[in-house]
Amino acid sequence: MKKILDMITGKMEKAFADAGYDASFGKVTVSNRPDLCQYQCNGAMAAAKQYRCAPIVVAKAVVEKLDGDDFSMCEAVMPGFINLKLSDSFLASYLEAMRTEADFGVEKCGQGKTIVVDYGGANVAKPLHIGHLRPAIIGEALKRICAFMGYHAIGDVHLGDWGLQMGLIIAELQERQPELPYFDPDFTGEYPKESPFTLTELEEIYPTASAKKTDPVFAEKAHTATYELQQGRRGYRAIWDHIMGVSLPDLRRIYDALDVHFEKWLGESDADPYIPAMIEDLKSRGLAVLSEGAWVIPVAEEADKKEVPPMILVKSDGSSIYATTDLATMVQRMQDWNPDKMLYITDKRQNLHFEQVFRAAKKSGIVKAETELEHVGHGTMNGKDGKPFKTREGGVLRLEQLVKDMTDFVRAKVVENKIVAEDEVEETTAKIALAALKYGDLSNQPTKDYNFDLERFAAFEGNTGPYILYTIVRIKSILAKYGPWEQLSIQAAANDYARDLMLAITKLSPTLEAALRTSSPNLICAYIYELSGAVNKFYHETRILGEADEGLKAGYIALIGLAKNILETCIGLLGFSAPEKM
Ligand code: ARG
């Protein structure tokens with residue numbers, strides 16, 4: 001179904017043509033003076049230049065030709081603007097089409113296309129910390145938006161499971177328990193099924209090992225272990241399996257609690273089998289060159305304003321690095337899924353890394369020219385004071401702790417205000433807390449930094465997730481009191497508040513399209529905030545259930561029912577859902 005602005009523009013273009021001017025002047029935009037009109041067209045100003053006459057003359061001639069049934073007002077005003085208000089019948093028929101068509105008639109621009117969304121980026125053996133919140137939340141939202149717009153969307157967590165942290169753990173474990181069979185190069189038997197460490201132990205082993213990186217002897221051991229693991233040393237692969245077995249269920253549990261779900265749980269290690277052939281190929285084609293003992297792919301371009309250093313493919317010690325695995329992962333993705341687009345969500349401090357990898361991928365043809373590569377480098381989540389988020393002890397806050405803090409805060413409110421029966425407290429709390437957390441994040445442009453403010457994010461009023469949920473719950477309760485409503489049709493606006501609500505609803509399609517095009521879930525937040533405001537204004541100014549005229553009442557109910565369905569769909573795209581009561 002066409003977007004409403006495109007429909008109005010179409011009508012305007014026809015009017016320009018009918019009046020004898022070029023149709024291309026008929027572009028209509030949303031009015032920047034909503035007190036005067038809903039939409040406006042400034043084309044007569046430009047047309048006047050071309051046709052060498054006064055703009056008002058053009059505007060008047062065009063207005064003459066516009067179909068009066070579609071507009072309740074179309075005025076040519078000095079010096080040559082055309083101000084428009086839609087007729088209530090046209091607006092109602094547009095909303096009725098949105099109500100009855102699948103997915104509100106939103107055009108599926110991703111139909112037939114495949115996109116890989118690479119987000120989350122958890123590192124095995126390290127607990128998720130607050131730095132993992134944004135890539136998880138933003139990535140999940142972008143993936144859901146893509147899927148809604150018709151894409152076959154494949155979310156891949158791309159685990160960090162192949163780098164130095166593995167070697168560090170192996171080296172540390174060897175210092176602690178050298179007698180384990182994993183370290184005996186002559187051992188040929190079967191390794192124990194039981195892991196030599198628990199999750200809690202692993203979470204202690206890694207930071208301890210990491211702190212020892214400054215010790216050159218230990219660092220050397222860890223590098224060697226990493227290299228040997230990557231070369232397939234049997235005992236180290238067995239330890240690696242244990243690390244995965246212990247760490248993965250915990251990662252899944254935390255992502256599940258955030259309602260973040262990956263289609264694929266692949267990692268850097270899964271790219272490993274593709275690396276040797278890829279390197280050979282890049283060398284043989286002269287794309288990779290030797291530089292100070294390392295193999296690199298030069299990716300600088302003439303137009304570069306800042307220097308873009310070559311992408312390191314193989315370090316001088318023979319090991320592959322982060323960029324190598326990212327490039328090899330592209331080989332796998334092209335081979336297995338042949339995507340039209342790959343979208344990466346990570347901290348913006350990785351901007352240069354992706355610039356290098358993307359260039360290497362295109363230059364080498366690993367990714368075909370038509371496949372779009374995009375990196376969303378997100379900003380930092382800071383504390384309430386705008387400073388980097390730290391625990392009281394000065395450490396990095398665990399993601400789980402952040403979720404718990406928010407949940408505890410919301411639970412206290414839910415209990416205090418006796419919002420639901422005792423046995424529903426946990427479920428309702430979880431939904432509100434997730435909305436607070438996700439909306440608090442997603443309402444910001446991804447690339448910008450923002451300050452985490454628990455009280456503000458969890459407030460039931462203002463531009464917050466809970467406020468949106470509250471609006472949905474309010475509509476649900478009215479609908480429940482009314483009875484079956486799903487079949488009721490949209491009617492012409494009976495008052496100004498209904499009309500404003502209807503106009504807000506029509507912005508769904510352009511909002512989703514822009515959110516997809518610019519990878520900006522924040523546009524959806526702004527839309528549902530505006531929509532919720534219009535719903536609440538309408539609710540406060542209109543007797544809905546108390547309306548004596550049954551026909552009128554049915555129209556009101558249909559309208560808020562449509563608003564509710566759209567709000568629920570939108571929060572679903574953002575990755576949270578509404579409780580029954582609030
Ligand atoms: N594990 C990485 C990190 O912690 C993020 C992975 C992002 N995805 C990618 N394809 N590089 O920084």
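For clarity, every value in this text was computed on a predicted model and none was experimentally measured. Side chains included, hydrogens not; waters and symmetry mates left out as well; all remaining heavy atoms used. As the structure lists them, so they are numbered: ligands from 1, and atoms in each ligand from 1.
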So that I can tick it off, tell me whether Lys143 and Asp118 are bridged by a salt bridge, with the cut-off set at under 4.0 angstrom between side-chain N and carboxylate O. no
Pairing of Glu513 and Lys3 as salt bridge, 4.0 angstrom limit: yes
List ligand 1 atoms under 4.0 Å from [X], heavy atoms only on the residue side.
X: Thr346; result: 7 (C)
X: Phe354; result: 9 (C), 11 (N)
X: Tyr344; result: 10 (N)

Taking the six-membered ring for Trp, is the centroid-to-centroid distance between Tyr467 and Tyr439 below 6.0 Å?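 Centroid separation for Tyr467 and Tyr439: 6.0 Å or greater.
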Give the ring-plane orientation class for Tyr322 versus His353, where under 30° counts as parallel, over 60° as perpendicular and anything between as tilted.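 Tyr322 vs His353 ring planes: parallel.
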Checking the N or O distance criterion of under 3.5 Å, is ligand 1 in contact with [X]?
X: Tyr322; answer: yes
X: Asp326; answer: yes
X: Asn123; answer: yes
X: His132; answer: no
X: Glu268; answer: no
X: Ala122; answer: no

Tell me, which pairs form a ring pair (Phe, Tyr, Trp, His ring centres under 6.0 Å) where one or both residues lie in residues 359-409, sequence neighbours left out? Phe354-His375, Phe389-Phe452
Can you list the steps and then say if Phe183 with Phe187 is a ring-ring contact (aromatic ring centres under 6.0 Å, His included)? CA-CA 8 Å; Phe183 304 112; Phe187 184 80; over 10 Å; no
